[in-house]
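Working notes for the structure below.
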Amino acid sequence: TINPCWVVAMLSTAAKALALAASCAALPAKLRPDDRRIYVDGTPLHMKGINWNPVPSGKTHPSGIEFLEHVEMDAELMAQAGINVIRTYEPITDTAVLDALWKNGIQVINTVYSNSEKILDTVTQEVNAVKHHPALLMWAVGNEWNYNGCYQKLDAHACGQKINEAAKRIKELDESHPVASVYGEVPPSDVIQSLDAVDVWGINYYDELSFGDLFKRWAERSKKPLFIGEYGADAYDSTINSENEPAQAHATKVLTEQIMDNSAVWEGGVCSGGLIFELADEWWKDGSGSADFHDIGGIAPGGGPHPDKTFNEEWWGLVKIDRAPRKAYYAYAALAIPQPIPLLNLMVQGSNGTEGTKKSCTAQGCTLVPKAREEFCPRQGCGMAKAR
């Protein structure tokens with residue numbers, strides 16, 4: 001059968017807006033017992049994702065987040081790079097924002113609780129506001145809360161209890177969408193077990209050009225679905241005191257390919273994809289600088305990104321604050337979402353199997369498989385590869 005939502009995706013922008021509400025039922029993430037995979041519309045999901053926190057210059061987080069003002073341009077940029085999922089750090093409650101994401105084929109991991117000062121009645125209002133929208137993939141509670149103590153310096157146990165209480169409240173309000181929590185590093189087994197209301201776990205991880213044994217450790221500790229909540233590299237290289245776009249692009253390619261190699265869509269895989277950090281630079285993050293200027297300081301927890309193991313917090317965007325793409329954007333766009341069934345068809349049918357099979361979508365259009373890597377890179381360049 002043909003899903004009417006996919007029909008809507010083929011319409012013009014104006015027609016999409018009119019057809020959206022009438023044609024599309026929600027497509028929440030679905031989980032199955034004793035299955036690591038996340039399913040959307042019956043198909044295993046691999047997230048080619050990105051973290052989205054649009055704060056313009058001169059403003060700060062969270063008061064300066066401008067979802068509505070940036071969504072049209074940002075959603076188009078993301079769709080052109082083949083991105084299918086975003087994660088936020090504050091909740092999207094405006095259906096106009098979700099409409100714009102949905103018409104570009106993007107679903108949302110919507111974070112509704114991370115600061116323990118937030119009362120659960122507010123969470124109730126935010127969940128009820130958008131829980132029926134088709135762009136909603138799942139909810140999230142907490143962001144590397146083992147590092148920040150729910151942003152109130154709580155101890156790990158107290159913060160974990162708050163996170164679990166928020167997850168329980170969400171599940172009381174919405175039985176259709178799973179609830180995820182994002183941890184810094186692989187959570188200990190007792191933490192996974194004690195947060196019984198959390199259905200899916202995300203992990204933020206930064207250690208140069210490798211995830212090490214992260215996927216193995218997760219497989220040994222839990223059978224719950226996993227995604228990488230943050231990864232990547234910033235564009236500033238402290239070893240040369242300058243921007244280093246090729247190094248960021250190289251890290252983007254290498255780390256994303258490791259996630260894809262361990263994808264749960266493959267037999268024996270444990271990871272349902274990842275969300276690279278982040279779409280656009282944010283200029284407020286260096287506490288010793290100014291939100292009006294692009295500073296090179298800032299600190300963050302974790303091992304440290306390639307190539308300098310230094311977190312330059314205002315330089316993480318695949319695009320700059322004015323939305324000019326960096327080489328990392330094109331490197332990410334060039335990487336295909338793993339698709340086992342089309343790949344099997346190609347192996348069986350040979351070249352005839354390429355018909356209708358998308359490899360990667362960029363501003364230059366969608367390319368079919370199989371192709372040499374250089375052939376499906378955008379014309380502007382392909383990470384470390386020479387531009388054509």
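Everything numeric in this text was worked out from a predicted model, so none of it was measured.
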Determine the minimum heavy-atom distance between [X] and [Y], stating which atoms define it.
| X | Y | value |
| --- | --- | --- |
| K59 | A291 | O-CB, 3.8 Å |
| L195 | I163 | CD2-CG2, 3.8 Å |
| W283 | D292 | CZ3-O, 3.4 Å |
| Y205 | E185 | CE1-OE2, 3.3 Å |
| L335 | A331 | CG-O, 3.4 Å |
| S181 | V141 | OG-O, 2.8 Å |

**Request:** With side chain to side chain donor-acceptor pair (under 3.5 Å) as the test, would you mind laying out the steps for T124 and R169 before giving the verdict?
**Result:** CA-CA 7 Å; T124 296; R169 173 65 67 91; 2.8 Å; yes

**Item:** side chain to side chain donor-acceptor pair (under 3.5 Å) evaluation trace for N143 with N148
**Value:** CA-CA 8 Å; N143 175 56; N148 57 49; over 6 Å; no

**Item:** Chi angles and distances behind the side chain to side chain donor-acceptor pair (under 3.5 Å) call for N84, Q107
**Value:** CA-CA 6 Å; N84 60 0; Q107 290 191 278; over 6 Å; no

Report yes if the side chains of [X] and [Y] come closer than 4.5 Å at any heavy-atom pair, otherwise no.
| X | Y | answer |
| --- | --- | --- |
| E230 | V182 | no |
| E314 | D281 | no |
| W52 | I92 | yes |
| Y113 | E165 | no |
| L101 | V71 | yes |
| R32 | R37 | no |
| M47 | L275 | yes |
| Y151 | S114 | yes |

Find out if a path of hydrophobic residues (ILVMFWY) with successive side-chain heavy-atom gaps under 4.5 Å connects [X] to [Y].
| X | Y | answer |
| --- | --- | --- |
| V186 | I192 | yes |
| V179 | V123 | yes |
| W145 | Y231 | yes |
| V55 | L318 | yes |

**Message:** Checking the side chain of K131 only, and the main-chain atoms of H177 only, is there a donor and an acceptor separated by less than 3.5 Å?
**Reply:** no

**Request:** Test side chain to side chain donor-acceptor pair (under 3.5 Å) on T43 and D41 and set out the steps.
**Result:** CA-CA 6 Å; T43 301; D41 200 29; 6.0 Å; no

Supply the atom-to-atom distance [X] [atom1] to [Y] [atom2], rounded to the nearest 0.5 angstrom.
| X | Y | atom1 | atom2 | value |
| --- | --- | --- | --- | --- |
| D308 | D234 | CG | CG | 6.0 Å |
| S238 | N312 | OG | CG | 4.0 Å |
| I228 | F211 | CD1 | CZ | 5.0 Å |
| L226 | I203 | CG | CD1 | 4.5 Å |

**Message:** Please determine whether side chain to side chain contact (heavy atoms under 4.5 Å, CB included) holds for the pair K168 and D196, giving the CA-CA distance in whole Å, both sets of side-chain angles, and the decisive distance to 0.1 Å.
**Reply:** CA-CA 9 Å; K168 287 180 178 178; D196 56 348; 3.7 Å; yes

**Request:** Evaluate the criterion side chain to side chain contact (heavy atoms under 4.5 Å, CB included) for residue pair E243 and K320; output intermediate values, then yes/no.
**Result:** CA-CA 12 Å; E243 188 171 13; K320 301 178 182 181; 3.7 Å; yes

**Request:** Show your reasoning for whether side chain to side chain contact (heavy atoms under 4.5 Å, CB included) applies to V200 and L31.
**Result:** CA-CA 9 Å; V200 180; L31 310 181; 3.9 Å; yes

**Request:** For salt bridge (Lys or Arg N to Asp or Glu O under 4.0 Å), just list the numbers for D34 and K223, CA-CA rounded to whole Å, side-chain angles, deciding distance to a tenth of an Å, and then say yes or no.
**Result:** CA-CA 7 Å; D34 299 318; K223 293 183 178 180; 5.2 Å; no

**Request:** Would you sort out whether H46 and W266 count as a side chain to side chain contact (heavy atoms under 4.5 Å, CB included), showing the intermediate values?
**Result:** CA-CA 10 Å; H46 181 94; W266 307 114; over 6 Å; no

**Request:** Would you please test E72 and K103 for salt bridge (Lys or Arg N to Asp or Glu O under 4.0 Å) and show each step?
**Result:** CA-CA 10 Å; E72 290 293 339; K103 76 182 182 184; 3.4 Å; yes

**Message:** Are Y206 and W316 an aromatic pair, judged by ring center distance below 6.0 Å?
**Reply:** yes

**Prompt:** Going by the angle between their ring planes, with limits at 30° and 60°, are W201 and Y183 parallel, tilted or perpendicular?
**Reply:** perpendicular

**Request:** Test D199 against every option in K171, R36, K30, K224 by the salt bridge (Lys or Arg N to Asp or Glu O under 4.0 Å) rule and name the one that passes.
**Result:** K171

